[in-house]
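Have a look at the structure below, then the notes.
First the proteins, then the strands, lettered A, B, ... as listed; each starts at 1. Since the model is a prediction, treat every value here as computed from it, not as a measurement.
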Number of protein chains: 4
Amino acid sequence: MARPRNTESDALILAAAAETLLRSGYDGLVIDELARVVGVAKTTVYRRWPTKNHLVVSVIAGWQDEVGVAGPGGMVGGQADGTIVDAAGDLAHIATALTAIVGGMCRALDPAPMRRLVAELAAARMTDDELGSSVDRLWAERRAAIAAVLERGIASGGLRHDLDVELAMDELAGAVYYRVLITGAPLDDRYAHALVQSVLAGAR
Amino acid sequence: MARPRNTESDALILAAAAETLLRSGYDGLVIDELARVVGVAKTTVYRRWPTKNHLVVSVIAGWQDEVGVAGPGGMVGGQADGTIVDAAGDLAHIATALTAIVGGMCRALDPAPMRRLVAELAAARMTDDELGSSVDRLWAERRAAIAAVLERGIASGGLRHDLDVELAMDELAGAVYYRVLITGAPLDDRYAHALVQSVLAGAR
Amino acid sequence: MARPRNTESDALILAAAAETLLRSGYDGLVIDELARVVGVAKTTVYRRWPTKNHLVVSVIAGWQDEVGVAGPGGMVGGQADGTIVDAAGDLAHIATALTAIVGGMCRALDPAPMRRLVAELAAARMTDDELGSSVDRLWAERRAAIAAVLERGIASGGLRHDLDVELAMDELAGAVYYRVLITGAPLDDRYAHALVQSVLAGAR
Amino acid sequence: MARPRNTESDALILAAAAETLLRSGYDGLVIDELARVVGVAKTTVYRRWPTKNHLVVSVIAGWQDEVGVAGPGGMVGGQADGTIVDAAGDLAHIATALTAIVGGMCRALDPAPMRRLVAELAAARMTDDELGSSVDRLWAERRAAIAAVLERGIASGGLRHDLDVELAMDELAGAVYYRVLITGAPLDDRYAHALVQSVLAGAR
DNA sequence: AGCTAAGCGAGACGGTACGTCCAGTCTTTCG
DNA sequence: CGAAAGACTGGACGTACCGTCTCGCTTAGCT
């Protein structure tokens with residue numbers, strides 16, 4: 001009965017927002033201008049995302065969906081690592097699977113615009129509860145991927161039975177985000193490899 | 001030769017800004033109101049710090065000088081862990097020293113206002129270079145404290161000779177900041193203890 | 001198609017601005033306060049008038065439309081003097097008509113707030129072209145009223161054929177504005193009467 | 001007993017202020033910048049003139065002293081017209097003397113910067129009493145010159161005994177200022193001549 | 001010759017207004 | 001009802017001047 005939403009607008013807005021976010025950061029994304037550029041009314045944006053923050057979350061979620069848990073540039077699809085870990089539970093395979101995931105994170109988060117964005121989202125998380133949970137869901141995906149690998153590792157006997165999975169995840173993901181947000185140190189596959197080795201050294 | 005700046009104003013402004021920053025976060029700090037509260041003209045603030053960001057940097061720098069590595073609320077002074085590590089280099093002592101530092105971090109960073117602030121600073125770091133380096137210096141202090149302990153541990157034989165100190169620090173500090181900024185999980189001494197144990201498990 | 005401007009706001013803002021302008025002069029008109037008084041956001045004012053000057057122009061233009069040549073407080077309508085001059089062209093009637101107009105000017109311009117305003121507008125005229133032409137249009141109305149009378153006087157033979165109408169107007173209006181702006185001398189009907197007599201003495 | 005003021009500073013400040021005033025108008029004259037340009041402390045300016053307005057008045061007064069009542073570009077010195085009028089009181093000589101004075105006014109006030117300045121002073125007059133009287137004194141000089149001529153004209157029988165001198169002056173000076181401030185019409189010697197003729201026509 | 005009051009430069013300071021920028025909401029009219 | 005257009009509230013930001021003040025130094029002229 002009612003006029004249906006123009007789904008094309010969704011895509012256009014997201015695309016433009018994504019580009020602007022990467023190019024100019026959170027503050028550089030101005031809803032007014034975004035709408036103008038896309039050729040859409042500001043209301044159309046706000047009807048879909050109640051807040052600038054929500055829109056930003058959507059953009060990032062889109063990036064994840066687009067490239068799997070590994071983030072843009074990554075290559076580990078959900079089913080793929082499942083298969084790998086199912087096939088073999090021994091330490092080498094666990095390391096390989098983790099390195100793939102962590103490496104994907106590194107490649108995804110290394111670029112400066114992405115770092116800025118992650119920082120801004122972390123800040124937004126603190127003030128805005130609703131957005132907070134959205135952002136949490138975002139981060140949670142990669143966390144779950146790591147958890148899956150670790151738990152299969154435990155199940156397969158490659159890792160200690162009393163391994164604190166939470167803690168191991170904090171160390172892995174934490175080190176990466178620490179470099180992203182706090183030290184600004186570079187992130188690449190080599191670092192991912194070393195990090196995984198180091199953490200597994202205490203998890204065997 | 002000219003009338004000197006009223007250094008008391010500097011102090012009052014910084015104090016008020018610090019308090020507001022902790023209580024209300026970056027956005028809660030409004031220059032106009034700050035000036036009013038301190039009883040100073042807005043121009044007096046802007047004469048000292050050309051931008052809100054510059055002021056925030058000063059506040060943080062002040063925290064550093066004031067409280068050492070532990071940050072506001074923390075209590076780990078340089079001499080304390082120095083003494084501990086000097087006294088004995090074996091693993092138990094290393095663990096104790098690290099737990100003290102990491103526990104200090106946890107207690108300092110756990111409160112919500114502090115989390116918000118850290119996140120906002122991490123974000124500001126990305127855009128504003130000047131502020132960035134100031135923030136970096138801030139974080140660097142704790143990092144140095146951890147490094148010192150680790151290196152003495154290596155020297156004393158308590159830790160592996162080929163231990164990647166950088167990596168170990170990333171794991172320790174990273175896990176903490178990860179919880180502060182990304183997962184929002186609580187931080188306390190128990191966590192600090194477990195974290196240190198876990199990391200040392202792979203460092204022996 | 002879009003939401004139309006609230007025309008009531010226009011009116012309210014103009015009214016409040018007009019009152020403030022008369023009571024407190026140009027500098028006494030503060031946009032921030034104006035908006036507050038009217039109960040409107042400052043942006044709503046700036047959307048309509050990009051500058052304080054533009055707003056002042058609008059106010060003045062409003063006065064024109066509202067009160068005719070006589071200005072605020074004046075009372076000489078177009079038809080009144082028209083009738084008079086139509087009825088008889090001889091000198092006495094010309095003098096009466098002119099005295100009415102000039103007297104209206106005197107009464108309108110005599111009060112201190114009006115003097116201040118006229119002076120401020122004369123000053124603004126010089127810097128701001130847009131505002132200048134608006135102000136010019138304002139002054140022009142009275143000038144035209146005087147010119148009409150003089151020209152009918154010439155046509156009816158009451159005044160010299162070679163009378164320089166421009167010059168006579170300069171003398172009449174000039175004397176009034178001179179007192180308004182330069183000497184500060186009082187203006188009333190008696191003065192208007194004497195002035196008209198004096199100028200007509202040389203115009204017969 | 002104390003160190004005397006540096007009179008050279010007075011001159012330099014006045015000169016710079018004069019130039020700026022003519023080039024950039026009242027608002028373009030910024031005390032801070034003036035002091036910087038002259039190479040003098042702001043206090044040195046304010047010690048001499050308590051207010052920007054006072055300084056501006058001084059500048060204008062300087063112009064008068066410099067060139068006699070006729071203003072910059074004029075040439076009728078006090079003694080000159082005295083001599084002229086003393087020599088002969090008949091109408092032709094009165095007209096000549098008045099034309100000289102009024103012509104001087106025209107030449108002095110015609111340039112756009114001067115118009116702006118006069119307008120700004122007229123506005124300042126209204127708000128600032130102290131400055132008002134200074135400005136009044138300024139205008140009064142030319143007025144006095146005209147009055148002198150008219151009164152001698154009356155004494156010599158060239159002008160009517162019952163001539164209202166005030167009114168005649170208002171007409172003469174008023175027409176000029178009216179063009180300066182209100183209509184923006186050009187002013188030159190031809191206009192001065194016509195104006196004097198017209199006013200004298202009713203004064204005989 | 002030395003004391004001292006004032007001049008001077010430099011620039012901090014309080015105060016006040018301006019005009020700008022955005023986020024998010026509300027109000028129309030059209031399809 | 002969805003969409004386009006854009007008005008509206010609300011609040012902060014940084015800028016610009018004015019006129020006052022406080023330093024420390026310099027200098028003329030009285031004692």
Side-chain angles (χ1 to χ4, degrees), chain A residues 1-7 9 27-36 38-55, chain B residues 1-7 9-10 27-36 39-53, chain C residues 1-7 9-10 27-36 39-53, chain D residues 1-7 9 27-36 38-55:
Chain A
M1 187 204 295
R3 177 173 174 181
R5 283 197 187 168
N6 183 344
T7 49
S9 291
D27 284 348
L29 179 65
V30 175
I31 304 296
D32 253 313
E33 198 187 326
L34 174 69
R36 196 179 47 72
V38 176
V40 129
K42 201 164 46 147
T43 8
T44 299
V45 177
Y46 275 104
R47 194 171 298 113
R48 288 162 170 74
W49 299 277
T51 275
K52 179 175 165 178
N53 281 343
H54 287 82
L55 170 58
Chain B
M1 201 198 248
R3 174 177 178 178
R5 287 204 182 159
N6 184 342
T7 51
S9 291
D10 291 58
D27 285 347
L29 179 65
V30 175
I31 303 294
D32 246 316
E33 199 187 327
L34 174 68
R36 196 179 48 70
V40 130
K42 192 161 57 147
T43 33
T44 296
V45 177
Y46 276 105
R47 192 171 302 111
R48 288 163 169 71
W49 300 278
T51 278
K52 186 174 160 175
N53 274 350
Chain C
M1 202 200 250
R3 174 177 178 179
R5 288 205 183 156
N6 185 343
T7 50
S9 291
D10 292 58
D27 285 347
L29 179 65
V30 174
I31 304 293
D32 247 314
E33 198 188 327
L34 174 69
R36 196 179 47 70
V40 131
K42 193 162 55 148
T43 32
T44 297
V45 177
Y46 276 105
R47 192 172 302 111
R48 288 162 168 72
W49 300 278
T51 280
K52 186 174 160 177
N53 274 350
Chain D
M1 192 201 269
R3 173 178 178 179
R5 287 194 187 166
N6 182 345
T7 51
S9 291
D27 285 347
L29 179 65
V30 175
I31 303 295
D32 253 313
E33 200 188 326
L34 174 69
R36 195 178 48 70
V38 174
V40 130
K42 202 166 43 149
T43 12
T44 297
V45 177
Y46 276 103
R47 194 171 299 114
R48 288 160 170 75
W49 299 277
T51 277
K52 179 174 163 178
N53 280 344
H54 288 81
L55 171 58

Would you name the heavy atoms of D/A35 and D/A41 that are closest together and state the gap between them? CB-C, 4.0 Å
Could you tell me whether C/N6 contacts a base, only the sugar-phosphate backbone, or nothing, with contacts defined as non-hydrogen atoms closer than 4.0 Å? sugar-phosphate
Measure the spacing between NZ of A/K42 and CD1 of A/I31 and express it to the nearest 0.5 Å. 8.5 Å
Taking atom C1' of E/dC21 as reference, at what distance in whole Å does atom NZ of A/K52 sit? 12 Å
Given atom CZ of D/R36 and atom P of F/dC17, what is their separation to the nearest angstrom? 11 Å
Got a sec, which residues hit side chain to side chain contact (heavy atoms under 4.5 Å, CB included) with D/R47, two or more places apart in sequence or on another chain? D/R5, D/T43, D/T44
Between B/S9 and C/D32, name the one whose nearest nucleotide on DNA chain E is closer to the 5' end. B/S9
Which residues within residues 40-47 of chain D lie with some heavy atom under 4.0 Å of an atom in DNA chain E? D/V40, D/A41, D/K42, D/T43, D/T44, D/R47
Roughly how many Å is it from CH2 in D/W49 to C1' in F/dT20, rounded to a whole number? 18 Å
Nearest atoms (heavy-atom pairs only) where C/R48 meets C/D10: NE-OD1, 2.7 Å
Starting at CZ of D/R3 and ending at C1' of F/dC30, how long is that distance when rounded to a whole Å? 17 Å
Expressed as a whole number of angstroms, how long is the span from B/I31:CD1 to F/dG14:P? 7 Å
Classify A/L34 by what it touches in the nucleic acid, base, sugar-phosphate, or nothing, heavy-atom distance under 4.0 Å. nothing
Evaluate the side chain to side chain contact (heavy atoms under 4.5 Å, CB included) criterion for residues D/L34 and D/L55: first the C-alpha distance (whole Å), next the side-chain angles of each, then the deciding distance (0.1 Å), finally the verdict. CA-CA 11 Å; D/L34 174 69; D/L55 171 58; 3.6 Å; yes
Note: for C/T7 and A/R48 on DNA chain F, the residue whose nearest nucleotide lies more 5' is A/R48
Quick one: on DNA chain F, does D/N53 or C/A2 contact a more 5' nucleotide (nearest heavy atom)? C/A2
Whole-Å gap separating P (F/dA28) and CZ (D/R5): 16 Å
Need one value for A/L55: base, sugar-phosphate or nothing, where a base atom within 4.0 Å counts as base even if backbone is also close, heavy atoms only. nothing
Starting from P on E/dA17, measure out to CG on D/D27 and report it in whole angstrom. 16 Å
Specify the residue among C/E33 and C/P50 whose closest nucleotide of DNA chain E lies further upstream toward the 5′ end. C/E33
